[in-house]
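Worksheet: one structure, shown below.
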Amino acid sequence: MEDALRRELGTAVLRPTGHLGGGCISQGQSYDTDRGRVYVKSNSKAEARRMFEGEMASLEAILKTQTIKVPKPIKIIDLPGGSTLFVMEHLEMRGLNRHSAKLGTQLADLHLHNQQLGEKLKKEESTVGTVNDWQNDWVTFFAKQRIQPQMDMIEKNSGDREARELWAQLQLKIPSLFCDVEIVPALLHGDLWGGNVAEDDSGPIIFDPASFYGHSEYELAIAGMFGGFSSSFYSAYHSKIPKAAGFEKRLKLYQLFHYMNHWNHFGTGYRGSSLNIMRNLIK
């Protein structure tokens, strides 16, 4: 692996630093090179390249907004034997602490960036393409492209009748949760839980994104599920993007996706939370 890495990066020096990382999907390690320190993620699964390409595109999209710090992506490398590497800038990160409020402000700036870009283009008598059509269909997109595939997997794996019946009722109720809510597509990190945020001396850092354009409220769903975000984070965020009417119910709907996703990935320990959300939303 190190020979291929040295060749692909065009570096004579390639020295492991002892900084190890990774999660339940990929492993990571930092190296010193001729051009500074890099962080290398490795994955041997068949879909690794596609996954890393998505992460690289996400990081590049967030970088372009110049709103919040992320590691700069460098290169994706295919190794003989099927493994794939993703090389990015190494950042000296520590747990999010004193920059929580700044993260709230910068995350709101990220979410507002696309709207501001649209307003700027409008002033220049240009167009933002098909944003309005897309925007009007967010509710259908979320139900059909986010929750329905999770329900299909649950059906396939366990044939859970109660989940199926609750989802059939909830589908009819979803549009009513979005009455009088204007949704401007926002660039989202997509997986913003406490394990994917950090800070350095300059401010907050977010990493491991799975970005897409969607409703800004979606971002706060997984953030609220596993902790790691202080009240100063939420206060700073909502001072820029205030809660719209019905926010709490929509947050639960967005959390439903994550609970169902965890049910499919990690087992029935997440079944109760998934069913409880559906029961509460159809009342």
Side-chain angles (χ1 to χ4, degrees), residues 47 50-51 54 57-58 61 107 110-112 114-115 118 128-193 209-226 241 243-283:
E47 65 273 17
R50 186 170 172 232
M51 181 181 69
S58 298
L107 185 69
L110 172 67
H111 290 169
L112 292 168
N114 197 46
Q115 180 182 333
V128 285
T130 58
V131 166
N132 288 334
D133 293 338
W134 189 99
Q135 172 187 324
N136 291 341
D137 206 41
W138 162 254
V139 180
T140 308
F141 168 82
F142 180 74
K144 290 190 174 175
Q145 304 297 323
R146 285 290 183 263
I147 297 191
Q148 188 63 57
Q150 297 299 327
M151 181 55 68
D152 292 345
M153 276 192 271
I154 289 166
E155 285 250 30
K156 185 181 170 187
N157 296 332
S158 65
D160 196 295
R161 185 177 164 186
E162 189 177 1
R164 184 172 68 242
E165 289 173 354
L166 286 168
W167 173 233
Q169 295 175 65
L170 179 56
Q171 282 184 82
L172 303 175
K173 180 98 177 178
I174 288 175
S176 69
L177 302 178
F178 291 85
C179 289
D180 303 321
V181 179
E182 185 191 4
I183 299 172
V184 178
L187 178 60
L188 307 178
H189 174 280
D191 191 22
L192 197 80
W193 68 289
S211 294
F212 65 100
Y213 286 90
H215 189 191
S216 57
E217 291 177 357
Y218 174 92
E219 193 89 281
L220 301 180
I222 198 168
M225 286 167 59
F226 304 116
I241 303 179
K243 291 180 185 180
F247 171 84
E248 301 299 340
K249 280 199 163 185
R250 287 189 300 277
L251 198 68
K252 287 295 178 192
L253 177 68
Y254 293 145
Q255 287 180 342
L256 174 62
F257 164 76
H258 294 293
Y259 279 120
M260 291 173 82
N261 188 32
H262 278 67
W263 180 357
N264 281 313
H265 278 85
F266 306 115
T268 54
Y270 293 93
R271 178 181 184 268
S273 299
S274 301
L275 299 190
N276 281 338
I277 288 176
M278 287 195 275
R279 284 190 204 105
N280 288 332
L281 287 176
I282 60 180
K283 280 178 184 172

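Distance alone, capped at 3.5 Å, places no donor-acceptor pair between the Glu217 side chain and the Leu251 backbone. Distance alone, capped at 3.5 Å, places no donor-acceptor pair between the Asn261 side chain and the Phe257 backbone. Checking side-chain atoms of Asp191 against main-chain N and O of Ala210 turns up no donor-acceptor pair under 3.5 Å.
You'll find the side chain of Glu162 reaches within 4.5 Å of the side chain of Arg271, heavy atoms only. Counting heavy atoms from C-beta on, the side chains of Lys252 and Leu256 never come closer than 4.5 Å. Within the 4.5 Å cutoff, side-chain heavy atoms of Asp160 are placed close to those of Trp263. Taking the side chain as every heavy atom from C-beta outward, Arg146 and Phe141 approach each other to under 4.5 Å. You'll find the side chain of Leu107 reaches within 4.5 Å of the side chain of Glu219, heavy atoms only.
Closest of all the heavy-atom pairs between His111 and Ala186 is O-CB, 3.2 Å. Of all heavy-atom pairs between Pro185 and Tyr213, the closest is CB-CB, 4.3 Å. Nearest approach of Met151 to Ala163, heavy atoms of both residues: CE-O, 3.5 Å. The two residues Ile282 and Gln169 come nearest to each other via the heavy atoms CD1-OE1, 3.5 Å. What you find for Ser58 and Pro209 is that their closest heavy atoms are CB-CG, 3.5 Å. When all heavy atoms of Phe212 and Gly190 are compared, the pair lying nearest together is CE2-CA, 4.4 Å.
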- Task: Begin from the C-alpha positions of Trp167 and Ile154 and carry the test side chain to side chain contact (heavy atoms under 4.5 Å, CB included) through to its verdict.
- Result: CA-CA 11 Å; Trp167 173 233; Ile154 289 166; over 6 Å; no
- Message: Walk me through whether Lys156 and Met153 qualify under side chain to side chain contact (heavy atoms under 4.5 Å, CB included).
- Response: CA-CA 5 Å; Lys156 185 181 170 187; Met153 276 192 271; 5.6 Å; no
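The pair Glu248-Lys243 counts as a salt bridge, with a side-chain nitrogen and a carboxylate oxygen less than 4.0 angstrom apart.
The structure places CG of Asp137 at 10.5 Å from CD1 of Ile183, a figure rounded to the nearest 0.5 Å. Distance check: Leu281 CG to Leu253 CG gives 6.0 Å after rounding to the nearest 0.5 Å. Rounded to the nearest 0.5 Å, atoms CG (Leu192) and OH (Tyr218) are 11.0 Å apart. One distance of note links CG of Asn114 with OG of Ser216; it measures 11.5 Å at 0.5 Å rounding. For the atom pair CG of Leu188 and CG of Leu110, the computed distance is 7.5 Å after rounding to the nearest 0.5 Å. Atom CE of residue Met278 and atom CG of residue Leu275 lie 5.0 Å apart, to the nearest 0.5 angstrom.
A ring-centre distance under 6.0 Å is found for His215 and Tyr254.
Residues forming a side chain to side chain donor-acceptor pair (under 3.5 Å) with Gln145 (at least two apart in sequence, or on another chain): none. Residues satisfying the side-chain contact (heavy atoms from CB on, under 4.5 Å) criterion with Met225, sequence neighbours excluded, are Ile222, Gln255, His258, Tyr259.
Around atom CZ of Arg50, no more than 12 heavy atoms belonging to other residues, nucleotides or ligands sit under 6.0 Å away.
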Show me the donor-acceptor pairs within less than 3.5 Å that the side chains of residues 170-181 make with the rest of the protein, sequence neighbours left out.
residue, atom, partner, partner atom, Å
Lys173, NZ, Lys283, O, 3.2
Ser176, OG, Lys173, O, 2.6

